[in-house]
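Below is one structure, written out as structure tokens; comments come after it.
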Amino acid sequence: DPVIILTYSENTLNVEGASASASVGVAPGLPVQGLLLRETGEVNFEDTVGFDTRKSYRHVGNKWQALSGDNAWTGDDTNFFWGVNYRGENAYQTYLYVVNYVAADGIKYLPNDSDNWVTMKPKTSDGELHTARLLIGFRDRLIALNTKEMCGGGLRVYPSRARWSQFGDPRNPDVSWLDAAGRGDFRDAPTRQQIIGARIIKGHLIVYFERSTWELQYTGYDGYLFEWKEINFELGCESTFLFLF
């Protein structure tokens, strides 16, 4: 077999020892930080989307193909990716929404018919929502749990907060997450513990804190759409991804 030499200089990858038409694959060797499934328009078929600390890739055939758009991440090997398939502009569209709990990276979404990431940092009534530890689609709202928000000129962490978008499309950065009737809102659980994990069980959104378990109950009243109810004051969880499956 021929010896192929790869060198890199000034943003150019140089390949020696192969013909101009040869197919060359390059693996960056960065740690894997997430493997998520994206819903597609085909029945019982999902795309596999993989993440390292800098880029994301879609599995196509027997290869990983780098995605485009705002496909840049700045976390390290402690920042794992959480994603949820939730609606887009229309109810029949499904987008993959992803966070890695790094405020600079924002919330990114990938439409099911596109390979281009889009970043959003939607406005709230007193700042911007930058990221969250978890995203959950529940009761036709996209809910961010354990948030990082720009507020009062600085970045603040709200570890016991649930913030949700308006009914339907959550992507409008100017209005979808505003704290206003018919739009979004938030509730902070009355505890100093951090939200670690969450899962929908039999139609109930169960949220696991460090040493307790709560339900984020749907009330149906627009002015007070969700409320916290403690269901166990002794047991919580230590791993965000324990409740993925």
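As the structure is a computational prediction, the values presented were derived from the model and not from experiment.
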Fill in the blank from the handout: Those residues at least two apart in sequence (or on a different chain) that pass side chain to side chain contact (heavy atoms under 4.5 Å, CB included) with Thr94 are Glu39, Asn85, Asn112
Fill in the blank from the handout: Residues passing the side chain to side chain contact (heavy atoms under 4.5 Å, CB included) test with Ile200, sequence neighbours excluded, are Ile136, Phe138, Leu205
Handout entry: Residue pair Asp179 / Arg163, side-chain heavy-atom distance below 4.5 Å
Key = yes
Exercise for the section: Would you indicate whether the side-chain heavy atoms of Tyr86 and Tyr95 approach each other to under 4.5 Å? Expected result: no
Please give me the minimum heavy-atom distance between [X] and [Y], naming the atom from each residue.
X: Ala104; Y: Thr74; result: CB-OG1, 4.2 Å
X: Asn116; Y: Gly69; result: OD1-N, 3.5 Å
X: Leu178; Y: Arg183; result: O-CB, 3.3 Å
X: Val99; Y: Ile107; result: CG1-CG1, 3.7 Å
X: Leu235; Y: Asn232; result: N-OD1, 2.8 Å
X: Trp177; Y: Met120; result: NE1-CE, 4.3 Å

Practice task
To the nearest 0.5 angstrom, please state how far the CG atom of Leu145 sits from the CH2 atom of Trp82.
Solution key: 9.0 Å
Please enumerate all residues that pass ring-ring contact (aromatic ring centres under 6.0 Å, His included) together with [X], with sequence neighbours excluded.
X: Tyr97; value: Tyr109
X: His204; value: none
X: Phe233; value: none
X: Trp214; value: Phe209

Exercise for the section: Compute both the distance and the angle, then confirm whether Lys55 meets the cation-pi test with Trp64: under 6.0 Å from the six-membered ring centre, within 45 degrees of the axis. Expected result: no
Handout entry: Hydrophobic cluster of Phe167, others only, ordered by chain and residue number, side-chain cut-off 4.5 Å
Key = none
Once salt bridge (charged side-chain N to carboxylate O under 4.0 Å, His left out) is applied, do any residues pair with [X], and if so which ones, sequence neighbours excluded?
X: Arg58; result: Asp47, Asp115
X: Lys121; result: none
X: Arg87; result: none
X: Arg141; result: none

Exercise for the section: Look at the rings of Trp117 and Phe51 and say which category their plane angle falls in: under 30° parallel, 30 to 60° tilted, over 60° perpendicular. Expected result: tilted
Practice task
Dump the intermediate steps for side-chain contact (heavy atoms from CB on, under 4.5 Å) on Trp73 and Lys108, then the final yes or no.
Solution key: CA-CA 10 Å; Trp73 314 86; Lys108 299 185 192 291; 3.0 Å; yes
Problem - Donor on one side chain, acceptor on other, Lys148 and Thr131, under 3.5 Å - result: no
Exercise for the section: State, without any angle test, whether Gln193 and Ser212 hold a side-chain donor-acceptor pair at a distance under 3.5 Å. Expected result: yes
Practice task
May I ask you to decide if Asp76's main-chain N or O and Asn79's side chain share a donor-acceptor pair within less than 3.5 Å?
Solution key: yes
Enumerate, atom names and distances included, each donor-acceptor pair closer than 3.5 Å involving a side-chain atom of residues 153-161, sequence neighbours excluded.
| residue | atom | partner | partner atom | Å |
| --- | --- | --- | --- | --- |
| Ser160 | OG | Ala189 | O | 3.4 |
| Arg161 | NE | Asp188 | OD1 | 2.7 |
| Arg161 | NH1 | Glu149 | OE1 | 3.3 |
| Arg161 | NH1 | Glu149 | OE2 | 3.3 |
| Arg161 | NH2 | Asp188 | OD2 | 2.9 |

Exercise for the section: Might you confirm whether atom OH of Tyr224 has over 12 heavy atoms from other residues, nucleotides or ligands at distances under 6.0 Å? Expected result: yes
Problem - For Cys151, the option from Leu129, Asp126, Thr124 that meets side-chain contact (heavy atoms from CB on, under 4.5 Å) - result: Asp126
Handout entry: side-chain hydrogen bond (donor to acceptor under 3.5 Å, both in side chains) assessment of Asp52 paired with Tyr57
Key = CA-CA 9 Å; Asp52 58 29; Tyr57 310 84; 3.0 Å; yes
Handout entry: Carboxylate-amine/guanidinium contact Asp169 Arg171, below 4.0 Å
Key = yes
Exercise for the section: State plainly whether the residues Asp185 and Arg187 are in salt-bridge range, i.e. N to O under 4.0 Å. Expected result: yes
